[in-house]
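So the structure is just underneath, and the comments pick up after that.
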2 protein chains.
Amino acid sequence: MAQAAARDSGPEVFEVFTPRQNAVLESALHLLVEGGDRALTTAGIARAANCSKESLYKWFGDRDGVLAAVVGYQASKVRVLGPGEMPGSLSSFREHLTRFADDLLAVLSGEASLALNRLAIGQASRADAKLGHLVLERGRRMIELRAGALLETGRRRGFLAYDDADEAYRALYGLIIGDFHVRQLLGDQLTSQEKDFKARARVAIGQFFKLYGTGAAAHATNARS
Amino acid sequence: MAQAAARDSGPEVFEVFTPRQNAVLESALHLLVEGGDRALTTAGIARAANCSKESLYKWFGDRDGVLAAVVGYQASKVRVLGPGEMPGSLSSFREHLTRFADDLLAVLSGEASLALNRLAIGQASRADAKLGHLVLERGRRMIELRAGALLETGRRRGFLAYDDADEAYRALYGLIIGDFHVRQLLGDQLTSQEKDFKARARVAIGQFFKLYGTGAAAHATNARS
DNA sequence: GCCGAACCGTACCGTACGGTACTATGTAAA
DNA sequence: TTTACATAGTACCGTACGGTACGGTTCGGC
């Protein structure tokens with residue numbers, strides 16, 4: 001299983017591409033965002049990037065290789081969320097969590113993210129879902145790691161209380177995203193109210209604290225009732 | 001906005017098909033589940049269903065018409081969840097909610113649901129996302145209606161307290177599903193633990209009551225601490 | 001028995017796409 | 001200048017698919 005080779009084997013050296021190749025991938029990504037997977041033909045990519053099909057096949061192997069490279073390229077661009085000096089105060093911690101929620105909503109709502117997720121999901125039925133696993137590894141896993149670190153910090157600081165970290169993460173993610181992601185993947189248009197990510201983030205984090213916050217947290221944020 | 005045309009316009013008479021046509025759609029659905037959208041070719045459908053391509057075009061117009069008909073066919077099969085005599089006691093209400101959560105997890109994890117969602121999402125980038133809106137209308141909307149009725153009952157009975165029904169629904173859905181749906185759409189395999197829908201449903205409903213339950217609910221179900 | 005409608009199976013057509021081969025151009029080293 | 005290499009551009013091939021046309025068969029109505 002080539003796609004699972006580097007799963008837990010260290011720093012995971014991902015192949016990096018030359019500037020020229022990155023420019024081609026950028027063109028391909030743009031093409032994908034504009035016209036969907038139907039627009040992402042080898043001839044189309046070559047035309048849009050002013051390169052030859054032969055070069056595409058030389059660099060990326062075949063069409064699937066190009067798609068995988070586009071996924072990797074976009075993932076490397078997002079470089080998810082800030083470095084994260086760990087917060088010391090409760091209000092700062094809460095602010096960090098809210099920022100995380102806001103960023104998450106913004107990233108998942110981005111056109112490139114939606115286009116790539118659509119592409120990967122569309123291919124997930126066949127061929128062992130290579131792209132799907134790639135997106136999961138490069139996208140969701142990064143998010144989970146960052147969220148996990150945040151939560152663990154909160155727990156050690158005494159702001160949060162939970163036994164099952166996975167359960168807490170699931171609740172956090174679910175409260176933030178809900179059916180947001182799938183709706184957008186299906187082409188649903190957001191109402192102007194739904195586009196207020198910051199407000200939604202605040203609500204979600206408030207709910208999360210109600211579930212997993214310690215007494216101090218509930219007191220400081222909700223005035224109890 | 002064509003996609004919002006029939007939103008609140010009444011009973012919405014959906015075209016129904018002959019038994020023979022339904023059998024063809026069943027074959028097509030089976031084909032889709034097995035091989036993904038690549039397997040869903042007009043020739044393939046005709047072969048699998050022992051019908052002629054000419055009949056397909058006569059009945060459904062074109063390939064997109066067949067896809068739309070398959071979506072409608074599956075949606076009409078699911079006939080989401082029971083009729084729902086409204087519960088009177090708190091424990092009964094909680095049980096209803098848990099059952100709803102369990103059913104929702106099972107339905108969304110079903111192979112047919114996943115295959116159709118993948119198909120619709122894969123096409124959502126192009127062509128105004130006709131299929132995507134169809135899935136949203138026939139799937140998500142039904143779920144939202146049923147959940148909304150449940151929640152409203154709970155509120156009227158005094159088991160729940162909320163101001164914003166949409167917010168409560170979002171929390172409920174998010175706590176139940178989380179990133180479950182998208183992960184499966186991307187081809188992720190569930191762990192055996194994650195396949196225990198009933199357990200997950202109980203946890204999610206417990207969390208939901210912690211957010212929106214009235215005092216009585218918290219007392220009766222959580223022994224308070 | 002005859003007729004017409006519906007329909008299956010197959011053959012067919014045009015097109016679009018993945019992938020390969022070949023030529024032309026530019027460029028850096030010798 | 002010459003040689004080797006990388007790459008753009010294009011032409012080409014095989015295949016697969018959407019869509020159409022047509023002959024043959026079944027079946028209900030008369």
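Every chain is numbered from 1 and lettered A, B, ... according to where its sequence line falls, protein lines coming before strand lines.
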Worksheet item: Roughly, in whole Å, what's the span from CD in A/Q21 to P in D/dA6?
Response: 12 Å

Worksheet entry | Upstream residue (5' side of DNA chain C) when A/E54 and A/L40 are each assigned their closest nucleotide | A/L40

Worksheet entry | Heavy-atom donor-acceptor pair, A/S113 side chain to A/S109 backbone, under 3.5 Å | no

Worksheet, complete the sentence: Here the gap from A/E26 atom CD to A/Q74 atom CD, rounded to the nearest 0.5 Å, amounts to 8.5 Å

Response to the item:
Bounded by its outermost nucleotides with an atom under 4.0 Å from a heavy atom of chain B, the footprint on DNA chain C reads C/dC7 to C/dG9

Worksheet entry | Nearest-0.5 Å distance, SG of residue A/C51 to CG of residue A/L56 | 4.0 Å

Discussion item. Keeping B/R63 on the side-chain end and B/L40 on the backbone end, is there a donor-acceptor pair under 3.5 Å?
Written reply: yes

Worksheet item: To the nearest 0.5 Å, how far apart are NZ in A/K58 and CD in A/Q21?
Response: 9.5 Å

Could you tabulate the donor-acceptor pairs under 3.5 Å formed by side-chain atoms of residues 163-171 of chain A, not counting sequence neighbours?
residue	atom	partner	partner atom	Å
A/D164	OD1	A/D166	N	2.9
A/D164	OD1	A/E167	N	3.2
A/E167	OE2	A/Y212	OH	2.9

Discussion item. Once you apply a heavy-atom cut-off of 4.0 Å, does A/K58 come out as touching a base, just sugar-phosphate, or nothing?
Written reply: sugar-phosphate

Worksheet item: Taking the six-membered ring of A/Y162 as reference, does the NZ or CZ atom of A/R155 fall below 6.0 Å from its centre and within a 45° cone about the axis?
Response: yes

Item to complete: Describe, as an angle rounded to 10 degrees, how the axis at the first end of the helix from C/dG1-D/dC30 to C/dA30-D/dT1 is tilted relative to the axis at the last end, five pairs per end.
Response: 0°

Discussion item. OP1 or OP2 of D/dA6 versus the side-chain N and O atoms of A/W59: is any pair under 4.0 Å?
Written reply: no

Worksheet item: If you measure from the Lys or Arg side-chain nitrogens to the Asp or Glu carboxylate oxygens, is any gap between B/E144 and B/R140 under 4.0 Å?
Response: yes

